[in-house]
Number of protein chains: 2
Amino acid sequence: MATMTAAQQKAQAKAEYNAFVAACPSRKLLDRISDKWVTLILAALGSDGPHQLGADCAGEPRSMRFSELSRLLAGVSQKMLTQTLRSLERDGLITRTVTPTVPVTVSYELTDLGLSLHQMMRGLKTWAETHMDDVLANRATYDTRTA
Amino acid sequence: MATMTAAQQKAQAKAEYNAFVAACPSRKLLDRISDKWVTLILAALGSDGPHQLGADCAGEPRSMRFSELSRLLAGVSQKMLTQTLRSLERDGLITRTVTPTVPVTVSYELTDLGLSLHQMMRGLKTWAETHMDDVLANRATYDTRTA
DNA sequence: CAGTATCCAGCTAGATACTG
DNA sequence: CAGTATCTAGCTGGATACTG
């Protein structure tokens, strides 16, 4: 009605805000790239190896098979690898190519969109390499000062 | 010893890889910014309002009080706001200033490091605004094709 | 080879109540 | 005003086992 309790108003504001945040493109992007395996797959297919120490060559996008990825990203479970690859394909960031050999061969490759995202990630990587040491140092200082 | 079972080798590789990923600066940065409220607080203190539609003025970093933030980020719980602010302070991304009035006044402001991070986030935001529509379209296509 | 299916443990966000 | 403390429900990632 005309009058709502303060609690009701607050609840409504919260619901609206959450809806707004959920709709925000930046938020959606963050949700996508914050996934542990997304970034690693991107890096693997982006041809500089999976964060291979200092290897920063920007060559051709690589095509990799499921098992190759599985071996390269040693920490990933089959479930998560499949799930992540599927979601990346769904978003048009990678292509999935099935070759009907016996047994089947499946290979993955970055699309232009995926490559573009990978490029953006490099900017993020640069910031990380430039400033994360400071952050870590601040963190250590804070902890000793608090302890 | 000299011989390990295949399972043992795999487990070790996994452990090493996970350790490697955990140590990666990019990963740490991602962990930080992927937090829902971190980005919103950064945006709020970064003076363009919390993703206020199209308001992209890059003015002076703003100083805001706890209650202001709480009101602005309508969806956040007290617990998460406190927790997030604390962690940002710990990382040297924001400063926390207590003024001993009665009752106390606490204000938060971006540091240079925080401002730099906020600047980087804008690059991310730009990518999101440019390409997320494509991603969403791909997603929709994939879903209808699958359904 | 490249998955799918199922089940469970751990973490975390949120609600709630209290305080200097 | 600006927190702290506690408890719980829900989601998610991993282990495991099975298949075209």
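Naming convention: chains lettered A, B, ... in sequence-line order (proteins, then strands); numbering from 1 in each chain.
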Please tell me which of the listed nucleotides, dT4(D), dC1(C), dA2(D), lies nearest to the side chain of R65(A)? dC1(C)
Which residues satisfy the salt bridge (Lys or Arg N to Asp or Glu O under 4.0 Å) test with D134(A), sequence neighbours excluded? none
Do you know the tightest heavy-atom contact between S34(A) and D31(A)? OG-O, 3.3 Å
For atom CG of D35(A) and atom P of dC11(D), their distance in whole Å: 17 Å
Expressed in angstrom and rounded to an integer, what is the separation of L81(B) atom CG from dG14(C) atom C1'? 14 Å
Could you tell me how far apart Y17(A) (OH) and dG14(C) (C1') are, to the nearest whole angstrom? 17 Å
Rounded distance in Å - CG (D31(B)) to C1' (dG13(D)): 15 Å
What is the distance from CD1 of I41(A) to P of dA2(C), rounded to the nearest Å? 14 Å
Just how far, in rounded Å, is P of dT16(C) from NZ of K10(A)? 10 Å
S63(A): partners by side-chain contact (heavy atoms from CB on, under 4.5 Å), with sequence neighbours left out: S107(A), E109(A)
More 5' along DNA chain D: R86(B) or R71(B), using each one's nearest nucleotide? R71(B)
Note down the inter-axis angle between the two ends of the helix from dC1(C)-dG20(D) to dG20(C)-dC1(D), five pairs each, to the nearest 10°. 50°
Identify each atom pair where a protein N or O and an N or O of nucleotides 14-18 of chain D are less than 3.5 Å apart, giving names and distance.
{"unit_1": "dG14(D)", "atom_1": "N7", "unit_2": "K79(A)", "atom_2": "NZ", "d": "3.3"}
{"unit_1": "dG14(D)", "atom_1": "O6", "unit_2": "K79(A)", "atom_2": "NZ", "d": "2.3"}
{"unit_1": "dA15(D)", "atom_1": "OP2", "unit_2": "K14(B)", "atom_2": "NZ", "d": "3.4"}

L85(A) atom CG is separated from dG3(C) atom P, nearest whole Å, by 7 Å
Looking at residues 97-106 of chain A, who's got a heavy atom less than 4.0 Å off DNA chain C? P103(A), V104(A), T105(A), V106(A)
Under 3.5 Å, side chain of T126(A) to main-chain N/O of R122(A), donor-acceptor pair present? yes
Residue Q83(B), side-chain heavy atoms: nucleotide from dA2(C), dA13(C), dG13(D) that is nearest: dA13(C)
Which residues pass the side-chain contact (heavy atoms from CB on, under 4.5 Å) test with S67(B), sequence neighbours left out? R65(B), R71(B)
With sequence neighbours excluded, tell me which residues meet ring-ring contact (aromatic ring centres under 6.0 Å, His included) with W127(A). H131(A)
Looking at T82(A), does any N or O in its side chain come under 4.0 Å of the phosphate oxygens OP1/OP2 on dG3(C)? no
Per the side-chain hydrogen bond (donor to acceptor under 3.5 Å, both in side chains) rule, what does the pair list look like for residues 73-91 of chain A, sequence neighbours excluded? R32(A)-S87(A), R32(A)-D91(A), R90(A)-D143(B), D91(A)-R139(B)
E16(B): partners by side-chain hydrogen bond (donor to acceptor under 3.5 Å, both in side chains), with sequence neighbours left out: Q12(B)
Using the side-chain hydrogen bond (donor to acceptor under 3.5 Å, both in side chains) criterion, which residues pair with T99(B)? Sequence neighbours excluded. none
Contacts of type side-chain hydrogen bond (donor to acceptor under 3.5 Å, both in side chains), residue N18(B), not counting sequence neighbours: K36(A)
Can you list everything that forms a side-chain hydrogen bond (donor to acceptor under 3.5 Å, both in side chains) with D112(B)? Sequence neighbours excluded, please. none
In this structure, how many angstroms lie between the P atom of dG20(D) and the CZ atom of F66(A), rounded? 18 Å
Parallel, tilted or perpendicular: which describes the rings of W37(B) and Y17(A), with under 30° parallel and over 60° perpendicular? parallel
